[in-house]
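For reference, the structure discussed in these notes is given below.
Atom set for the values below is all heavy atoms of this structure, side chains included, hydrogens, waters and symmetry mates excluded.
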There are 2 protein chains.
Amino acid sequence: MGDMKMSGGVEWAVHCCVVLSQAEGPVPTQRLAEFHGISRTYLAKHLQQLSRAGLVSSTEGRVGGYRLTRPADEITVLDVVLAIEGLEPAFRCTEIRQNGPLPASPTACKRPCGVNRVMQAAEQAWRAALREVTIADLAVTVTKDAGPQTFVRVREWLAT
Amino acid sequence: MGDMKMSGGVEWAVHCCVVLSQAEGPVPTQRLAEFHGISRTYLAKHLQQLSRAGLVSSTEGRVGGYRLTRPADEITVLDVVLAIEGLEPAFRCTEIRQNGPLPASPTACKRPCGVNRVMQAAEQAWRAALREVTIADLAVTVTKDAGPQTFVRVREWLAT
DNA sequence: TAAACGCGGATAAGTTATGTCCACGATTAG
DNA sequence: CTAATCGTGGACATAACTTATCCGCGTTTA
Ligand code: SF4
Ligand code: SF4
């Protein structure tokens with residue numbers, strides 16, 4: 001039935017961060033959207049979220065654009081995912097244990113139950129894995145996968 | 001913006017499995033819904049999914065209902081989550097690296113890229129954590145949190 | 001002064017999540 | 001035999017969310 005799906009904007013945002021890590025100056029939304037062949041206006045929304053999260057900073061005006069606020073090896077994939085997806089956990093308890101003919105006592109409801117604890121632990125494991133990889137790591141992977149000339153060509157295109 | 005949210009039905013399904021692990025006979029949808037104070041007709045949908053996933057088996061007719069197909073210590077929380085949420089991973093790549101003025105070569109696209117690999121690894125860690133806990137474990141937790149008489153009362157109410 | 005750019009809000013279409021309803025066949029109590 | 005209970009699957013309705021698009025505004029620079 002319903003599947004737990006991550007926002008598609010995460011893919012866009014991660015790719016943009018990798019590109020920004022290789023850029024020499026501010027890159028405008030226009031260029032980033034064109035480069036990835038995606039919607040300019042919608043990407044703008046995601047970049048604004050990255051900006052609010054403090055991952056990128058923006059320059060307004062004629063030759064403005066976005067740049068990373070920190071070195072790429074200090075930005076984790078988790079940072080980007082949380083910036084786009086929000087901070088709320090995937091599992092949200094609706095406290096159904098308090099319903100029905102045998103409701104749990106207020107005392108027992110002080111702390112989250114076993115179900116909730118398991119879900120939170122799983123989410124922590126998920127976050128830990130995402131925290132292990134930085135944007136810089138991804139850039140290295142791209143170089144390995146697509147060749148050492150890749151980012152040279154990207155920089156050339158950005159300078160167009 | 002968009003948050004990755006788990007279906008609310010997961011909470012219902014897990015709770016139902018815990019109750020079923022303590023029942024002495026088949027429990028009909030009606031009772032399970034009443035016990036948890038939730039929608040009967042909608043819960044029926046989720047129970048059917050558990051049935052299709054092979055976690056519970058149903059008995060039709062006058063005194064029918066659901067029961068677990070396996071001992072509770074052989075049903076993990078992951079089993080339930082996957083039965084409700086589906087098998088698809090949370091992160092779905094749309095291959096935007098193939099777009100734009102510098103598309104990745106077909107050679108480099110043979111296998112998933114670094115981004116995708118990170119996401120898959122994180123999801124594996126998440127699943128591993130959920131696989132560590134069984135319905136039987138949760139039942140023990142409930143006994144600890146809500147008192148040893150809890151399930152006695154549940155069985156009494158179910159026999160009503 | 002005009003063009004390029006980021007920012008935030010309003011708006012809309014498409015999709016998903018949530019929930020209801022009903023007709024059907026199976027089973028069992030009386 | 002008959003009526004009540006129960007699971008199954010499909011159709012249906014509605015709320016919520018995702019995915020955009022557009023516009024007016026202020027900022028910066030050629
Ligand atoms: S027992 Fe856990 S999952 Fe269930 S309602 Fe309570 S906190 Fe939520
Ligand atoms: S680089 Fe990875 S995340 Fe990006 S489009 Fe390719 S497979 Fe998807």
Nearest whole Å is fine: how far is [N] [atom2] from [X] [atom1]?
X: Ile96(A); N: dG19(C); atom1: CD1; atom2: P; result: 12 Å
X: Glu11(A); N: dA20(D); atom1: CD; atom2: P; result: 12 Å
X: Met4(A); N: dC17(D); atom1: CE; atom2: P; result: 17 Å
X: Arg40(A); N: dT19(D); atom1: CZ; atom2: C1'; result: 16 Å
X: Glu34(B); N: dT5(D); atom1: CD; atom2: C1'; result: 14 Å
X: Gln30(A); N: dA3(C); atom1: CD; atom2: P; result: 16 Å
X: Glu60(B); N: dG9(D); atom1: CD; atom2: P; result: 9 Å
X: Lys5(A); N: dT18(D); atom1: NZ; atom2: C1'; result: 7 Å

Phosphate oxygens OP1/OP2 of [N]: is one of them under 4.0 Å from a side-chain N or O of [X]?
X: Tyr42(B); N: dA15(D); result: no
X: Arg52(B); N: dG9(D); result: yes
X: Gln48(B); N: dG9(D); result: yes
X: Thr29(B); N: dG7(D); result: yes

Considering only [options], which nucleotide approaches the side chain of [X] most closely?
X: Arg62(B); options: dT27(D), dA4(C), dA4(D); result: dA4(D)
X: Ser51(B); options: dT18(D), dT8(D), dT19(D); result: dT8(D)
X: Ser58(B); options: dG26(D), dT20(C), dG7(D); result: dG7(D)
X: Ser7(A); options: dG19(C), dT19(D), dT5(D); result: dT19(D)
X: Ser39(B); options: dG19(C), dG7(D), dC7(C); result: dG19(C)

Which part of the nucleic acid does Gly9(A) contact within heavy-atom distance under 4.0 Å: base, sugar-phosphate only, or nothing? nothing
Answer yes or no: is there an ion pair linking Arg97(A) with Asp145(B), defined by an N-O contact shorter than 4.0 Å? no
Salt bridge check, Glu34(A) against Arg31(A): does any charged N sit closer than 4.0 Å to a carboxylate O? yes
Quick check: any donor-acceptor pair below 3.5 Å linking the side-chain of Lys45(B) to the base of dG7(D)? no
Is there side-chain contact between Val81(A) and Met4(B), with heavy atoms separated by less than 4.5 Å? no
Contact between Ile38(A) and Thr94(B) at the side-chain level, heavy atoms closer than 4.5 Å - yes or no? no
Using a 3.5 Å distance criterion without hydrogens, assess whether the side chain of Glu123(B) forms a donor-acceptor pair with backbone atoms of Ala90(B). yes
If you find the nucleotide of DNA chain D closest to Pro28(B) and the one closest to His46(A), which residue's nucleotide is nearer the 5' end? Pro28(B)
